[in-house]
Asks: 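Take this structure first; my questions come after.
Heavy-atom basis, side chains included; hydrogens, waters and symmetry copies ignored. So you know, we letter chains A, B, ... as the sequences are listed, proteins then strands, and number each from 1.
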2 protein chains.
Amino acid sequence: MTPVNLKSLAEQLHLSIATVSRALRDSHEVSEATKERVRALASALHYEPNAYASSLRRNISKTIGVVIPKVANHFFALAINGIEEAARQSGYHVLIYLTHDDYEREVSIVQHLKGGRVDGLLMSVASGTQDFAHLHSLKDANIPIVFFDRVCAEISTAKVTTNDYESGYQATEHLMAAGCQHIAHLLISNNLSIGQYRHQGYLDALTAHGLPIDEDLVMSGVMDNEQNVSLIRELLLRRPDIDGIFASVERLAISAYRVCHELGRRIPEDIKIIGFSNLEAAALLDPPLSTVTQPAYDIGREAARILLRAVEKKKAVLPEQSLVLASTLFARQSTGG
Amino acid sequence: MTPVNLKSLAEQLHLSIATVSRALRDSHEVSEATKERVRALASALHYEPNAYASSLRRNISKTIGVVIPKVANHFFALAINGIEEAARQSGYHVLIYLTHDDYEREVSIVQHLKGGRVDGLLMSVASGTQDFAHLHSLKDANIPIVFFDRVCAEISTAKVTTNDYESGYQATEHLMAAGCQHIAHLLISNNLSIGQYRHQGYLDALTAHGLPIDEDLVMSGVMDNEQNVSLIRELLLRRPDIDGIFASVERLAISAYRVCHELGRRIPEDIKIIGFSNLEAAALLDPPLSTVTQPAYDIGREAARILLRAVEKKKAVLPEQSLVLASTLFARQSTGG
DNA sequence: TTTATTTACGCAAACGTTTTCAGTAGGCGG
DNA sequence: CCGCCTACTGAAAACGTTTGCGTAAATAAA
């Protein structure tokens with residue numbers, strides 16, 4: 001049971017290792033006849049080049065890392081789909097890491113990745129991340145990084161997002177057009193840039209339409225869903241005047257639904273809800289949920305493409321660049337239909 | 001800007017490469033004092049060992065591959081979550097590959113993985129896969145494989161599933177208890193073992209309760225959702241006597257909902273529906289969907305644990321072994337409450 | 001014919017790590 | 001003083017691949 005590697009192939013073909021290697025990489029330095037012989041034997045023996053030897057020698061891993069908070073979330077699942085597609089097309093492999101929105105884990109993951117395991121990194125930062133030293137240090141390790149969705153303003157590199165500000169603005173405007181006067185905003189932990197942009201859209205929309213800004217109507221979600229349900233319940237009980245909810249993240253919209261059902265608030269009669277969401281089943285909810293739907297697959301795919309272009313050109317540091325893909329607002333019954 | 005590797009560390013410390021390597025791996029052959037010096041410098045310079053050099057030398061990649069049909073599916077998303085957790089705990093990395101239920105892709109992926117990129121493989125087979133040569137050949141490459149959910153009966157190895165037969169039986173029984181007499185079964189492409197088990201449960205439940213078996217009520221889903229909607233519409237129009245639907249895969253339950261809404265069939269008054277599903281929002285659908293919910297996270301985590309144990313022991317081939325984790329039936333309004 | 005040039009291949013050195021095998025020094029009993 | 005053991009360290013050979021350089025033969029240019 002001799003191993004099937006360049007050496008064994010070379011011996012059987014009475015060629016040197018170098019020639020076999022070159023033949024398999026289709027080098028012009030090898031005659032067509034020889035290439036044919038080599039390829040024939042290689043495929044007969046099911047030769048697969050050792051990825052690690054190749055990576056070590058060429059200092060290229062043909063692998064990208066994807067660091068995201070979670071995967072059990074339709075947005076990220078779709079994004080991974082797009083990433084995998086782009087990677088596959090370019091012959092790259094995809095390593096997945098979940099931070100669970102934990103800063104320590106994020107740091108630890110990034111630190112490990114500097115060992116050369118990946119040629120580049122795609123990332124959506126954890127909501128708890130405030131210090132970006134671990135990300136800065138990637139540049140020293142010559143690893144390009146592209147942020148998607150949850151970008152990091154402090155790092156100058158390429159970023160792919162959706163039009164968070166406009167989407168927040170539109171969603172709020174949509175609620176106002178439906179007659180809402182007291183609109184709550186449920187947002188994700190507020191040190192995330194996307195939360196800030198969406199929130200700014202919400203604020204500006206209110207102001208533009210002459211509604212007062214009331215910070216008491218703004219709620220930051222936490223990690224735990226049950227806790228979010230409690231928080232929303234408290235909010236709705238404390239402020240019975242709330243007649244509209246803008247949830248800028250899917251989980252919070254779902255939690256808001258639960259609370260409304262529980263408290264007997266009718267949607268959309270008593271309270272209207274719109275949420276950022278990629279849920280396929282949004283149209284089947286009771287009632288169908290109006291959504292701002294992000295082009296998650298495209299965001300993932302474009303982020304990966306940008307990263308891969310940089311990797312191929314060995315550009316460790318990407319120019320500050322923002323690609324913004326528009327979200328779509330689907331008006332359904334939860335905002336009056 | 002000298003690279004920070006064993007060689008540079010050794011030079012700065014006036015030690016040999018060997019000693020530095022041993023110190024970092026906490027070998028007993030190195031004095032505590034030396035270890036301390038080495039560790040101090042290593043962490044000061046943020047030394048990260050080159051994963052590829054290490055993998056090449058030790059013939060161990062500390063990486064497992066996960067090959068699944070898709071990720072934009074709550075079951076697989078949760079499974080990945082469990083897999084990542086188990087892998088992280090053991091210091092392993094996770095490579096993700098999506099087959100999109102395409103046999104050719106599955107073969108190509110598996111073939112590439114034999115290059116030593118992974119120490120082991122977790123897999124849910126594509127629905128189109130009929131030939132298993134590519135999987136058999138993994139044994140030659142010394143790569144252990146563990147199947148989860150969509151297992152492959154032809155390969156003898158460890159498998160982690162849910163109790164598909166019993167779940168199909170229970171779901172069907174649940175519909176009958178709710179008064180259904182003409183129960184359709186929407187199942188995933190029928191060469192998958194899980195589809196067969198669930199279907200057998202359905203059949204046996206019907207027989208056990210004296211209902212006739214009618215093959216015209218059994219529908220195999222396809223890849224495209226829109227096409228599934230058409231198929232279901234045809235079925236319901238052709239057989240207006242259908243008063244219960246057992247969808248043994250989430251997508252088909254969602255599609256069934258769409259068709260019922262479209263055709264004006266009331267759920268549960270006219271037709272009752274239960275589906276395999278991991279959708280968090282199932283309880284918020286219109287009406288709340290009764291589900292058979294699989295322990296997706298646990299399935300992923302346990303499959304990974306079994307695989308990792310084998311990998312650590314360098315057991316390339318795992319004993320035939322089945323771990324069955326029970327699903328839970330949640331009765332909601334779609335079957336009468 | 002001689003001299004360039006091309007073509008086709010081999011040698012050997014990397015890449016960074018792990019590990020086997022030796023080797024040195026000091027301590028200790030005899 | 002000799003031999004031996006222990007404790008530490010170093011030299012060097014792997015792992016499988018890629019690639020700069022050298023070289024022989026074959027072909028083209030002069």
Asks: Calculate the interatomic distance between Asn50(B) atom CG and dA14(C) atom P; express it in whole Å.
Replies: 17 Å
Asks: In terms of ring plane angle, is the pair His74(A) and His74(B) parallel, tilted or perpendicular, where the classes change at 30° and 60°?
Replies: parallel
Asks: Using whole Å, report how far CG of Leu56(B) lies from P of dT19(C).
Replies: 12 Å
Asks: Rounded off to whole Å, could you give me the CG-to-C1' distance for the Leu6(A) and dC15(D) pair?
Replies: 12 Å
Asks: Salt bridge between Glu85(B) and Lys70(A), side-chain N to carboxylate O under 4.0 Å?
Replies: no
Asks: Can you check the Arg58(A) CZ to dG20(D) C1' distance for me, whole Å?
Replies: 16 Å
Asks: Between dG16(D) atom C1' and Tyr52(A) atom OH, what is the distance in whole Å?
Replies: 14 Å
Asks: Before you tell me yes or no, could you show the steps for Ile194(A) and Val151(A) under side-chain contact (heavy atoms from CB on, under 4.5 Å), namely the whole-Å CA-CA distance, both residues' side-chain angles and the distance that decides it to 0.1 Å?
Replies: CA-CA 7 Å; Ile194(A) 54 170; Val151(A) 306; 5.5 Å; no
Asks: Reckon Tyr47(A) has a side-chain N or O less than 4.0 Å from the OP1 or OP2 of dG16(D)?
Replies: no
Asks: Distances under 3.5 Å only, N/O to N/O: pair up the protein atoms with those of nucleotides 8-12 of chain C.
Replies:
{"residue": "dC9(C)", "atom": "OP1", "partner": "Thr34(A)", "partner atom": "OG1", "Å": "2.5"}
{"residue": "dC9(C)", "atom": "OP2", "partner": "Ser31(A)", "partner atom": "N", "Å": "2.9"}
{"residue": "dC9(C)", "atom": "OP2", "partner": "Ser31(A)", "partner atom": "OG", "Å": "3.2"}
{"residue": "dC9(C)", "atom": "OP2", "partner": "Thr34(A)", "partner atom": "OG1", "Å": "3.2"}
{"residue": "dC9(C)", "atom": "N4", "partner": "Glu29(A)", "partner atom": "OE1", "Å": "3.0"}
{"residue": "dG10(C)", "atom": "OP1", "partner": "Ser16(A)", "partner atom": "N", "Å": "3.2"}
{"residue": "dG10(C)", "atom": "OP2", "partner": "Ser16(A)", "partner atom": "N", "Å": "2.8"}
{"residue": "dG10(C)", "atom": "OP2", "partner": "Ser16(A)", "partner atom": "OG", "Å": "2.7"}
{"residue": "dG10(C)", "atom": "OP2", "partner": "Thr19(A)", "partner atom": "OG1", "Å": "2.4"}
{"residue": "dG10(C)", "atom": "N7", "partner": "Arg22(A)", "partner atom": "NH2", "Å": "3.3"}
{"residue": "dG10(C)", "atom": "O6", "partner": "Arg22(A)", "partner atom": "NH2", "Å": "2.7"}

Asks: Classify Asn5(B) by what it touches in the nucleic acid, base, sugar-phosphate, or nothing, heavy-atom distance under 4.0 Å.
Replies: sugar-phosphate
Asks: Asn59(A) CG to dT19(D) P: how many Å, rounded?
Replies: 12 Å
Asks: Got a salt bridge between Glu32(A) and Arg39(A), using NZ or NE/NH1/NH2 to carboxylate O under 4.0 Å?
Replies: yes
Asks: Do the non-hydrogen side-chain atoms of His100(A) and Asn81(B) ever get within less than 4.5 Å of each other?
Replies: yes
Asks: Whole Å only: how far is the CG atom of Leu24(B) from the P atom of dT17(C)?
Replies: 9 Å
Asks: Mind checking whether Tyr97(A) and His93(B) have ring centres under 6.0 Å apart?
Replies: yes
Asks: Before accepting this row, confirm whether a basic side-chain N of the pair Arg305(A)/Asp298(A) lies closer than 4.0 Å to the acidic partner's carboxylate O.
Replies: no
Asks: Looking at every strand, decide which applies to Ser54(A) at a 4.0 Å heavy-atom threshold: base, sugar-phosphate, or nothing.
Replies: sugar-phosphate
Asks: Round to a whole Å and report the spacing from CD of Glu48(B) to P of dC15(C).
Replies: 20 Å
